[in-house]
Number of protein chains: 2
Amino acid sequence: MNARDTFKQLPHKTIERLSQYRRALLICLDNNKDHIFSHEIAKIQHITPVQVRRDLMLIGYSGTLRKGYNIKELIDLIADIIDSEEGIKVAIVGMGNLGRALINYFSGKRHKLSIAAGFDVNPDKIGKTVNGIPCYDCKTMSQVIQEQNIEIGIITVPDTQSTAIAKKLVESGIKGILNYTPKPVEVPDGVYLEEYDMITTLEKVAFYVKMENERTVDVAVKRQGQGTAASNF
Amino acid sequence: MNARDTFKQLPHKTIERLSQYRRALLICLDNNKDHIFSHEIAKIQHITPVQVRRDLMLIGYSGTLRKGYNIKELIDLIADIIDSEEGIKVAIVGMGNLGRALINYFSGKRHKLSIAAGFDVNPDKIGKTVNGIPCYDCKTMSQVIQEQNIEIGIITVPDTQSTAIAKKLVESGIKGILNYTPKPVEVPDGVYLEEYDMITTLEKVAFYVKMENERTVDVAVKRQGQGTAASNF
DNA sequence: TAGTAATTGTTAATTTAATAACAGTGCAAA
DNA sequence: TTTGCACTGTTATTAAATTAACAATTACTA
Ligand SMILES: NC(=O)c1ccc[n+]([C@@H]2O[C@H](COP(=O)([O-])OP(=O)(O)OC[C@H]3O[C@@H](n4cnc5c(N)ncnc54)[C@H](O)[C@@H]3O)[C@@H](O)[C@H]2O)c1
Ligand SMILES: NC(=O)c1ccc[n+]([C@@H]2O[C@H](COP(=O)([O-])OP(=O)(O)OC[C@H]3O[C@@H](n4cnc5c(N)ncnc54)[C@H](O)[C@@H]3O)[C@@H](O)[C@H]2O)c1
């Protein structure tokens, strides 16, 4: 089995972490650091050093004893694994608050991953550009996607429209969808789908905050209880 | 062990899914549906019906055979588990593109989770409101957070500032942080931290699109190979 | 009324992910 | 030189999450 095949079987979580490692490594590179230890990466990512070393083992990268990992080499290797050589083009459907914010955010962040087009139905937006990215009429979606060979679509339309937009993206030949609306969509086999709802994340944080609050109260009550019991002796 | 204690030990993934189930159930309720089967929920969430039933078992909810789960009851039970009775207040630090988009998005979505304040350093933004939420000067952060009993902070400042803001939030007594900048932050024990970088998600989608592309090529090559081999017979 | 199909609830098995354990190595200081 | 320390790399173990298996129940149908 060659290297490329090995990469195919990397755990999903490892893929996510590789992207995060690279993000951190790029910052370190900017700070003129040339080597980094597993425990340094781990600290940044809030994980264990073993986890880092294990991930790097899985991608077949070896560091130098007592010097750690060569940042530049590691960045390049991660790029070999997760980036596509020819680059991948992305479209954003729904040039509202979130869509425009995303364009600004992504612009120029990664060479191999570029936003090539935006789509909307609002005549005021069609024909304009946001950060250099043209906004096309949704009606021309299939054409633009096929002509420009766009492979990923990000959905940021009102949630009532997400189902229809996902369908249209699939029909246009898109291979991956990232849906930021709170309404889950459906895609056929062969199209990779990722959905993310910020409210879920916020509710998760809220849940653990609530738990921590209750725990603190419990401990206080227990302490008081013990105190009372002790004073009875 | 009482019910509340059971909930504390729910798997993290189950907590996430409960939030997602509720989101889906609320939509169903709007459509005047009163019962729902595990496989219906599963379809929406792209998971298996068993997973749904297992989660519901963990929270101790029973459906009716052949009728499924009572949507209203289930929504209420999920609220009991993940919502905090008194409600939790949230602050957004950094009223830029993303911060403002988030305020618009969250507003009025969940009663028990309300954005109470925004913070910024830009004098043009301080004193204004976004969707009814006042934007305060960052200098008054501790005071505002303590006075209003805000427990969660969402960080949407430029990434160069995220470390400083996280520190300040913690000092102000915040209990949970949701960091949307690509620069990971550090928090002490007792503060719950969640970080999310949209680029990681996009890169993950790109990776699996790339894999699918290569697989398709491989299959084609293999087919051709077989074809050639066959024609040799 | 007996049989069948559809559904829940629960335990068991499997898979995936994370952690622990530890051998190996090179450098530095004694 | 030798000893110990601070790392890496890998295998073994444990834990978490998912999936499978299946009994139990109900409603419908023949
Ligand atoms: N704003 C946020 O921070 C945020 C966060 C998470 C999720 N979301 C979700 O993202 C989506 C967009 O949010 P937003 O705040 O940008 O809303 P928005 O109203 O500002 O933007 C929606 C855009 O989609 C366009 N649109 C409407 N129907 C369309 C169609 N059929 N095809 C193409 N374009 C269409 C509109 O013209 C508008 O430009 C919503 O589903 C929202 O729930 C937003
Ligand atoms: N725009 C997006 O879609 C997007 C997506 C993911 C992540 N992000 C991240 O979110 C952050 C904000 O992105 P944005 O597009 O909203 O940027 P932005 O420049 O529009 O907004 C940043 C805001 O933070 C304020 N600010 C600067 N320093 C501050 C400080 N010390 N305290 C308080 N406020 C301060 C600025 O005045 C500005 O209002 C960035 O870190 C970006 O990487 C943005």
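In what follows, chains carry the letters A, B, and so on, assigned in the order in which the sequence lines appear, proteins first and then strands, with residues in each chain numbered from 1. The structure presented is a predicted model; accordingly, all values stated were derived computationally and were not measured.
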5'-most contact on DNA chain D (nearest-nucleotide basis), A:Arg54 vs A:Thr64, goes to A:Thr64
Gap between atoms [atom1] and [atom2], on [X] and [N] respectively (whole Å):
X: B:Ile59; N: C:dT10; atom1: CD1; atom2: P; value: 13 Å
X: B:Phe37; N: D:dA27; atom1: CZ; atom2: P; value: 12 Å
X: A:Asp55; N: D:dT10; atom1: CG; atom2: P; value: 14 Å
X: A:Asn70; N: D:dC7; atom1: CG; atom2: P; value: 17 Å
X: B:Leu10; N: D:dA16; atom1: CG; atom2: C1'; value: 14 Å
X: A:His39; N: D:dA6; atom1: NE2; atom2: C1'; value: 9 Å
X: A:Ile47; N: C:dA18; atom1: CD1; atom2: P; value: 9 Å
X: A:Leu56; N: D:dT10; atom1: CG; atom2: P; value: 11 Å

By nearest atom, which of the nucleotides [options] is closest to the [X] side chain?
X: B:Gln51; options: C:dT10, D:dA17, D:dT18; answer: D:dT18
X: B:Met57; options: D:dA17, C:dT10, C:dT7; answer: C:dT10
X: A:Ser38; options: D:dA20, C:dA18, D:dT8; answer: D:dT8
X: A:Thr48; options: D:dT19, C:dG9, C:dT19; answer: C:dT19

Decide yes or no for [X] and [Y]: does some side-chain heavy atom of the first lie under 4.5 Å from some side-chain heavy atom of the second?
X: A:Arg23; Y: B:Asp159; result: no
X: B:Leu113; Y: B:Val90; result: yes
X: A:Gln45; Y: A:Gln51; result: no

C:dG9 phosphate, OP1 or OP2: any side-chain N/O from B:Ser62 under 4.0 angstrom? yes
- Task: State whether A:Arg17 places a side-chain N or O below 4.0 Å from either non-bridging phosphate oxygen (OP1 or OP2) of C:dA18.
- Result: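 It does, given that an N or O in the side chain of A:Arg17 lies less than 4.0 Å from OP1 or OP2 of C:dA18.
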Between A:Arg110 and B:Glu203, does at least one N-O distance fall below 4.0 Å, as a salt bridge requires? yes
Which of parallel (below 30°), tilted (30 to 60°) and perpendicular (above 60°) describes A:Tyr196 and A:Tyr180?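 Taking A:Tyr180 first and then A:Tyr196, their aromatic rings stand perpendicular (interplane angle over 60°).
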Counting primed atoms, P, OP1 and OP2 as sugar-phosphate and everything else as base, the B/S/- map of nucleotides 25-30 of chain C against protein heavy atoms under 4.0 Å is BBS---
**NZ (B:Lys33) with more than 12 external heavy atoms under 6.0 Å** = yes
Checking side-chain contact (heavy atoms from CB on, under 4.5 Å) against B:Phe207, which of A:Ile88, A:Leu18, A:Ile81 comes through?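 In the set A:Ile88, A:Leu18, A:Ile81, the residue that makes a side-chain contact (heavy atoms from CB on, under 4.5 Å) with B:Phe207 is A:Ile81.
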- Query: Contact class for B:Thr14 (heavy atom, under 4.0 Å): base, sugar-phosphate, or nothing?
  - Reply: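 Here B:Thr14 touches no strand at all.
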Kindly say whether, by distance alone, the side chain of B:Arg53 makes a donor-acceptor pair under 3.5 Å with the base of C:dT10?
no
